[in-house]
Amino acid sequence: MAKRRITLSLYTLFLSLSVVSLAIAVRVTPLLQTQEKPSFQRPTFNRIFDTSKWNSWNFFACNINETVIKETADALISTGLAELGYVYVNIDDCWSSPTRNSEGQLVPEPKTFPSGIKALADYIHGKGLKLGIYSDAGYPPMREALNASGRTIFYSLCEWGVDDPALWAGKVGNSWRTTDDINDTWASMTTIADLNDKWAAYAGPGGWNDPDMLEVGNGGMTYKEYRAHFSIWALMKAPLLIGCDVRNMTAETFEILSNAEIIAVNQDPLGVQGRKVYVSGTDGCYQVWAGPLSGDRLTVALWNRCSKSETITATWEVLGLESGISVSVRDLWQHKEVAVDAVSSFGAQVDAHDCRMYIFTPRTGSLRYVA
């Protein structure tokens, strides 16, 4: 998201319509062990779950116009991405004129959006898609104004995590940025993942932690790094905002963004943000992330942030499972079952900067967690 203004930035999404390295092996809190929970209830307004979108900023920045937006909408349809849930077309910053109209209202830049936003919205909606747009405003007044419209609207807030919005933004909007802007590098992506992980307990249906948009397909990372990026964002239930030019995707980019099994983890109706549960190795670069899913299942990611291939193992202990539980294991990138009767632990060889992602399903009965 653009970081050009001092005031709050937001989206109103119209849905109509030389450092010393230390070798460490640190046990992190078991998956379902009690965490600190928010003291407030989710607001009743706009309990929206669908969080898969496209956004203009990461690739286009201010180089946008109504033709780009229309062609993007067309591409979401023609590629099949819209059928997978990417139905929001978000116009980020630079769409508006620097001067307002006589009533003090924002108006589109006439050179780049000569037909106006209404005509563009009609075009987007005519394709069965939904339009999002960037602006600035105060918190509760905008919430009340949007709700008063009588339309179902996803309200996405961004103050770049400065004032710990996870602690309060659930009363105001549907998602909130927890970090500074992402950039298309491995260092940025991994740092942001760790920062967002801190706030896992505060996310849930109707209110999501937002670690910023996806960089998949923009060229700054490798295929394996992008695969890890997409996997961890999905596991964290982060809004999946495509940030590349979908009109000109490579086959590898499309393969990642269109992985229906990974998207299903992100959109799982239980709505529990997965988190980091175990780290080992130099600087904690061998990692296990996990989160519960509906249907009494568990998603597990083995993430190698080191510079060499290694076997990473998730034990039932770090997942909080009873040791005798037997599970089948489905690999979500290979799209096949890779174990039919795993007990007490499961591990796999993971290449440097890659991530393997799985679903664990109990063979009999249900998953039983250690109290």
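The residues of the chain are indexed from 1 along the displayed sequence.
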**Report entry** Asp122/Lys118 salt bridge by N-O under 4.0 Å criterion
**Finding:** yes
Report summary line: So CZ of Phe230 and CE of Met357: to nearest 0.5 Å the spacing works out to 9.0 Å
Report task. Determine whether more than 12 heavy atoms belonging to other residues, nucleotides or ligands lie under 6.0 Å from atom CD of Glu71. Result -> yes
Query raised in the report: Does any N or O in the side chain of Thr191 come within less than 3.5 Å of the main-chain N or O of Ser188, such that one atom is a donor and the other an acceptor?
Result: no
Query raised in the report: Side-chain heavy atoms under 4.5 angstrom apart, residues restricted to Ile, Leu, Val, Met, Phe, Trp, Tyr: same cluster for Leu157 and Leu195?
Result: no
Report summary line: So the ring pair (Phe, Tyr, Trp, His ring centres under 6.0 Å) pairs with at least one residue in residues 250-270 (sequence neighbours excluded) are none
Query raised in the report: How about Tyr134 and Trp57: are their ring centroids closer than 6.0 Å?
Result: no
Query raised in the report: So, do Leu298 and Leu321 sit near enough that their side-chain heavy atoms are less than 4.5 Å apart?
Result: yes
Requested in this report: Spell out, as yes or no, whether a donor-acceptor pair under 3.5 Å connects the side chain of Asp351 to the backbone of Asp354.
Outcome: no
Report task. Could you tell me which non-hydrogen atom of Ser149 sits nearest to which non-hydrogen atom of Leu146, and how far apart they are? Result -> OG-O, 2.6 Å
Query raised in the report: Is His335 close to Arg330 at the side-chain level, that is, under 4.5 Å between some pair of heavy atoms?
Result: yes
Query raised in the report: With no hydrogens and no angle check, is any side-chain donor or acceptor of His229 less than 3.5 Å from a backbone partner on Met189?
Result: no
Query raised in the report: Cluster question for you: counting only ILVMFWY and a side-chain heavy-atom cut-off of under 4.5 Å, with indirect links fine, are Val338 and Trp316 together?
Result: yes
Report task. Say whether Asp92 and Ser56, considering side chains only, have a donor N or O and an acceptor N or O under 3.5 Å apart. Result -> no
Query raised in the report: For the hydrophobic clusters of this structure (ILVMFWY residues joined by side-chain heavy atoms under 4.5 Å, transitively), does one cluster hold both Tyr155 and Trp168?
Result: yes
**Report entry** Glu252-Tyr226 side chain donor-acceptor pair, cut-off 3.5 Å
**Finding:** no
Query raised in the report: Is Asp283 salt-bridged to Arg305, going by a charged N under 4.0 Å from an acidic O?
Result: no
**Report entry** From Ile124 atom CD1 to Thr72 atom OG1, the distance as rounded to the nearest 0.5 Å
**Finding:** 8.0 Å
Requested in this report: Go through the steps to decide whether Tyr86 and Ile263 satisfy the test side-chain contact (heavy atoms from CB on, under 4.5 Å), and finish with yes or no.
Outcome: CA-CA 10 Å; Tyr86 297 103; Ile263 294 170; 3.8 Å; yes
Query - Distance-only polar pair, side chains of Glu109 and Ser97, donor-acceptor under 3.5 Å - result: no
Report task. Apply the side-chain hydrogen bond (donor to acceptor under 3.5 Å, both in side chains) test between Ser231 and each candidate in Trp303, Trp333, Trp289; give the one that qualifies. Result -> Trp333
Report task. Compare all side-chain heavy atoms of Lys127 with those of Leu76 and state whether any distance is below 4.5 angstrom. Result -> no
Report task. Compare every heavy atom of Ile77 with every heavy atom of Leu129, then report the nearest pair and how far apart it is. Result -> CD2-CD1, 4.0 Å
Requested in this report: Could you check if a side-chain atom of Trp199 sits within less than 4.5 angstrom of a side-chain atom of Leu167, using non-hydrogen atoms only?
Outcome: yes
**Report entry** Aromatic contact, Phe154 with Trp208 (centres under 6.0 Å)
**Finding:** no
**Report entry** Exercise: do Thr178 and Asn209 side chains pair donor with acceptor under 3.5 Å
**Finding:** no
